[in-house]
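Everything below concerns the one structure shown next.
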Amino acid sequence: MNNSLEYLLVDEFRQTLDRIPGGAVYQVERESPLDRFRVDAVVKATLRDSEATFVIECKRSGFPRDVRAAIYQLHSYLSQTGDLGSDIVPVIASEALSDGAMNLLKEEGVGYFDLDGNLFLPGKSFYVLIEKPRSDKKRKITSSIFKGKRARALHAVWLAGDAWFSVGEIADRAGVSAGTASETLTSLEEREWVATRGQGPSKERMLKSRTELLDAWSDACRAIKPPATRRYYMKNGTPQSIMQMIDDVSERNGWQYEITGEAAAQLYSPYLSTVSQVRCRLNILDRIDLAEHYDLRPTSQGWNLSILYPEADGDLPFRTFRDGVWFADELQTYFDLLQAGGRAKDFAAHLRQEILKA
């Protein structure tokens, strides 16, 4: 970590303590060495009429693997110190902490602070917990794995189930580069969502925290802007006739498509008595107006066909062929239902419980 971020974290921590009623910092010692162990700062303060010493280790990224190593560093430092003469609280400070990291630190009884203003100080004579909404910065740091080609690699990891996999296998399955697959798997290791075995080129992983992964991915999905859509009304169009029309059109034009939303979810786990609307993703970069070529009427209400256009051109590697039609797989269908809003969210919850089981 560069010194500028380290100084920023310690200074923001000091100012936050000063703003707490009854809090006052009176000494800041930076870079305290002790044999082979060191910490980034020792802050002494009065907090609610109690003397306190905060031993701080700074981390740029705040995922479980990062903070676990920092916890060891703090405990090693404290085990080598003498009596510091006050309530001692080890603290990890980071630019942004993931939810998993904060939960781990609470379980370990270690304090934390991040630049969003989240603060946890479990002292013997005081207890401070300040929770702040996620900033755009934190969302970017913690949710980048769920976007673009990394999300495709992550999708392939999900489909691997409880099997071991290599970087190459994920890259091939997702249609991404080995570098993208490797970066994605490293991010999963930082979050401690995968088990590992082997080293170097023969290293393999296995997904072990399906529920934590799906929880975080669902949160990210809700925060991401839904794909661009165009909605149409097809006269006398039933879901089956609409899906068949899409298949015929795509076949003639060389497009890839996948039926998603309620029509796909109903195939995987029936929930509604009837489905009258069809949501379909087309992988064409040019967002053409189908009404110019087919008997469809553009509309914002009373639609029975919604076309979703991805942000970038590319194939649809996880779609599945059923009954003469291409459907999005269960995971993609779940995310599309989450973003659809309304009653679709109830269907998403049903699909997660019955099919995704995480």
Side-chain angles (χ1 to χ4, degrees), residues 98-100 102-103 131 133-134 138-139 142-148 150-162 188 191-194 207-229 231 239-240 242-243 257-281 301-311 316-320 322-323 325-358:
S98 70
D99 293 340
M102 288 192 286
N103 290 335
E131 297 178 324
R134 289 187 176 186
K138 181 172 181 179
R139 288 193 185 98
T142 58
S143 66
S144 60
I145 191 176
F146 303 116
K147 298 179 180 179
R150 285 191 174 191
R152 287 178 58 162
L154 193 58
H155 199 136
V157 169
W158 175 271
L159 293 178
D162 57 0
L188 291 176
R191 293 162 170 83
E192 298 188 338
W193 289 345
V194 292
L207 182 61
K208 68 175 184 179
S209 301
R210 293 175 68 82
T211 298
E212 290 181 54
L213 168 58
L214 193 56
D215 283 344
W217 204 344
S218 299
D219 289 342
C221 181
R222 294 184 186 98
I224 295 172
K225 184 179 179 181
T229 62
R231 292 175 173 176
Q240 190 58 45
I242 293 173
M243 290 189 290
Y257 76 93
E258 58 185 13
I259 304 300
T260 185
E262 294 87 344
Q266 192 77 354
L267 175 70
Y268 299 129
S269 182
Y271 179 71
L272 304 174
S273 56
T274 60
V275 172
S276 58
Q277 297 172 328
V278 173
R279 303 179 196 269
C280 173
R281 178 178 288 100
Q301 295 181 342
W303 58 273
N304 54 14
L305 172 61
S306 179
I307 301 295
L308 288 65
Y309 293 95
E311 292 183 358
L316 303 171
F318 308 112
R319 61 181 185 158
T320 182
R322 299 276 194 95
D323 301 326
V325 177
W326 288 100
F327 289 91
D329 76 331
E330 295 94 332
L331 184 64
Q332 185 61 58
T333 298
Y334 167 73
F335 290 137
D336 288 337
L337 287 169
L338 279 184
Q339 290 192 316
R343 289 294 307 278
K345 292 184 178 180
D346 296 333
F347 208 161
H350 169 79
L351 191 65
R352 175 169 179 169
Q353 178 180 345
E354 299 297 323
I355 301 298
L356 301 181
K357 298 185 183 297

Could you tell me whether D336 and R281 make a salt bridge, using a distance below 4.0 angstrom between a side-chain N and a carboxylate O? yes
What pair of heavy atoms forms the shortest contact from P227 to Y309, and how long is it? CB-O, 3.5 Å
Minimum side-chain heavy-atom gap R152-P317 below 4.5 Å: yes
With L267 as partner, the option from T320, V325, D323, V275 fulfilling side-chain contact (heavy atoms from CB on, under 4.5 Å) is D323
Where does the angle between the aromatic ring planes of Y268 and F327 fall among parallel (under 30°), tilted (30 to 60°) and perpendicular (over 60°)? perpendicular
Rounded distance [0.5 Å steps], CG in L351 versus CG in D346: 12.5 Å
For the backbone of Y271 and the side chain of Q266, can you confirm whether one donor and one acceptor N or O come within less than 3.5 Å of each other? yes
Calculate, to the nearest 0.5 Å, the distance between atoms CZ and CD belonging to R231 and Q301 respectively. 10.0 Å
What distance separates R322 CZ from I259 CD1, expressed to the nearest 0.5 Å? 14.0 Å
Just so I know, are the side chains of C280 and E258 near enough to count as touching, which here means a heavy-atom distance under 4.5 Å? no
Residue pair E354 / S269: nearest heavy atoms and the distance that separates them: CB-OG, 3.7 Å
Drop me the distance from I355's CD1 to E330's CD, to the nearest 0.5 angstrom. 6.5 Å
When you measure from the side chain of Q332 to the backbone N and O of R319, does any donor-acceptor pair fall under 3.5 Å? no
I145 side chain reached by W217 side chain, heavy atoms, under 4.5 Å: no
If you take all heavy atoms of A265 and L337, which pair is closest and at what distance? CB-CD1, 3.8 Å
Examine distances only and state if a side-chain atom of E212 and a backbone atom of R191 form a donor-acceptor pair shorter than 3.5 Å. no
Quick one: OG1 on T211 to NZ on K357, what's the gap to the nearest 0.5 Å? 12.0 Å
L214 side chain near W158 side chain, heavy-atom distance below 4.5 Å: yes
Scanning both residues in full, the closest heavy-atom pair of P239 with S276 reads CG-CA, 4.2 Å
Minimum side-chain heavy-atom gap L213-L154 below 4.5 Å: yes
Less than 4.0 angstrom from a charged side-chain N to a carboxylate O is my criterion; do D215 and R352 meet it? yes
Atom pair CZ (F318) and OG1 (T333), whose distance is rounded to the nearest 0.5 Å: 13.0 Å
Are the side chains of Y334 and C221 in touch, meaning some heavy atoms are under 4.5 Å apart? no
Q277 vs S306 side-chain heavy atoms within contact, under 4.5 Å: no
Smallest separation among heavy atoms of A263 and M243, with atom names: CB-SD, 4.5 Å
For G261 and R279, work out which heavy atoms get closest and say how close. CA-CD, 4.0 Å
Does K208 NZ have over 12 foreign heavy atoms under 6.0 Å away? yes
Do L188 and V157 come close enough that some side-chain heavy atom pair is under 4.5 Å? yes
